[in-house]
Amino acid sequence: MSAAQSFLPFSFCRSSSRPLRMAAITAALTLTATSAVAAPFSSTASGLENLDYGAGQFWTRAGVAKVSPKSDNGRIDAIGADVDVDDDSAFAFTLGYRFTDTLGIELLAAQNFEHDISLNGQKAGSVDHLPPTLTLQYYPLGGRDSRIQPYIGAGVNYTHFSDETLDDGTKLEMDDSWGAAAQIGVDLVINEHWAANVAAWYLAIDSDVTVAGSVNDKVEIDPIVTMAGISYRF
């Protein structure tokens, strides 16, 4: 066999195997590229499998809350004055627990809110109040790998009034109030512990008012409470 003849089979074998090698390399590159493109959308890469948003969790939410009473809060007929209660903001926080993936309970607490009181459009005094509120909540996406976790709630509010004063020295008393409460909110989940939160409550707050020890009327505050802050689950 000549050198040329012995070279031909070797050359033929290399030529015939080259398409197979190129096909393998192309397939590998395609698989790698596909994995790289798909990775950001997978549950593992996005961390959704670690959100841990469900049954058996305690949580706290904290932020700034604004209490916005409804307009036209009532009238004290004996002194011929329409009553208006102004807005106020303060630090607030909640404590909650989820019994199941979708059902939980939460207590709202806060610093004292101090509201200016106007009579016939003129500032006439102020009052402090604390509005602890307990709500039973429903989380439609609880237990699912979703970064958006909305919820609604309903419950009861107790409001304690203190430091009622009128600028002219007249004695003012406001009775504590029990009333219904409704709530809506959403957690924007960051990881298994942290979330950003926004929430709103409607509180039915009606107080019997005594002025100068003898005048009695009812003031309806019925505020919307809005809060924005952070949430921590543990």
Side-chain angles (χ1 to χ4, degrees), residues 28-68 87-113 129-160 178-205 223-234:
L29 291 174
T30 301
L31 180 61
T32 301
T34 302
S35 300
V37 171
F41 302 98
S42 68
S43 62
T44 301
S46 63
L48 292 181
E49 79 284 359
N50 293 322
L51 292 187
D52 191 22
Y53 198 99
Q57 291 182 335
F58 289 90
W59 70 84
T60 183
R61 296 174 174 131
V64 175
K66 181 178 181 180
V67 176
S68 302
D87 300 353
D88 190 37
S89 299
F91 172 78
F93 66 95
T94 72
L95 292 173
Y97 177 73
R98 226 177 326 270
F99 303 107
T100 70
D101 285 343
T102 57
L103 291 178
I105 193 168
E106 184 176 51
L107 176 66
L108 169 67
Q111 291 179 307
N112 277 340
F113 293 92
H129 89 280
L130 282 174
T133 301
L134 187 67
T135 52
L136 180 66
Q137 301 170 319
Y138 173 64
Y139 293 79
L141 301 182
R144 302 183 189 180
D145 290 337
S146 174
R147 291 194 182 276
I148 300 175
Q149 293 286 349
Y151 56 92
I152 58 173
V156 62
N157 162 258
Y158 170 74
T159 298
H160 172 67
W178 288 91
Q183 179 189 24
I184 186 170
V186 61
D187 274 337
L188 305 177
V189 181
I190 299 170
N191 57 34
E192 61 181 319
H193 292 297
W194 294 97
N197 174 262
V198 291
W201 293 257
Y202 168 77
L203 308 179
I205 301 177
I224 298 293
V225 180
T226 53
M227 187 175 94
I230 58 173
S231 172
Y232 182 80
R233 305 184 307 283
F234 51 94

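Keep in mind it's a predicted model, so treat the numbers as computed, not measured. As a basis for the values below, the full set of heavy atoms in this structure was taken, side chains included, without hydrogen atoms, waters or symmetry mates.
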Got a second to check how far [X]'s [atom1] is from [Y]'s [atom2], nearest 0.5 Å?
| X | Y | atom1 | atom2 | result |
| --- | --- | --- | --- | --- |
| Leu136 | Leu103 | CG | CG | 6.0 Å |
| Tyr151 | Arg98 | OH | CZ | 9.5 Å |
| Leu130 | Leu108 | CG | CG | 10.0 Å |
| Arg233 | Leu51 | CZ | CG | 7.0 Å |
| Lys66 | Ile224 | NZ | CD1 | 12.0 Å |
| Ile205 | Tyr202 | CD1 | OH | 9.0 Å |

Non-hydrogen atoms of [X] and [Y] that approach each other most closely:
| X | Y | result |
| --- | --- | --- |
| Gly54 | Asp101 | CA-OD1, 3.4 Å |
| Asp87 | Ser68 | OD1-CA, 3.4 Å |
| Arg144 | Gln149 | O-NE2, 3.4 Å |
| Ala200 | Thr226 | CB-CG2, 4.1 Å |
| Leu203 | Pro131 | CD1-CB, 4.1 Å |
| Pro150 | Leu141 | CD-CD1, 3.9 Å |

Using a 3.5 Å distance criterion without hydrogens, assess whether the side chain of Arg61 forms a donor-acceptor pair with backbone atoms of Gly96. no
Gln111 (side chain) donor-acceptor with Phe91 (main chain) under 3.5 angstrom: yes
Which label fits Tyr97 and Phe58: parallel for a plane angle under 30°, tilted from 30 to 60°, or perpendicular past 60°? tilted
If the test is ring pair (Phe, Tyr, Trp, His ring centres under 6.0 Å), which one of Tyr53, Trp59, Tyr232 qualifies with His193? Tyr232
List the steps and the verdict of side-chain contact (heavy atoms from CB on, under 4.5 Å) for Met227 and Phe93. CA-CA 9 Å; Met227 187 175 94; Phe93 66 95; over 6 Å; no
For Val186, the option from Ile184, Leu188, Val189 that meets side-chain contact (heavy atoms from CB on, under 4.5 Å): Leu188
Trace of the side chain to side chain donor-acceptor pair (under 3.5 Å) decision for Tyr139 with Asp187: CA-CA 10 Å; Tyr139 293 79; Asp187 274 337; 5.5 Å; no
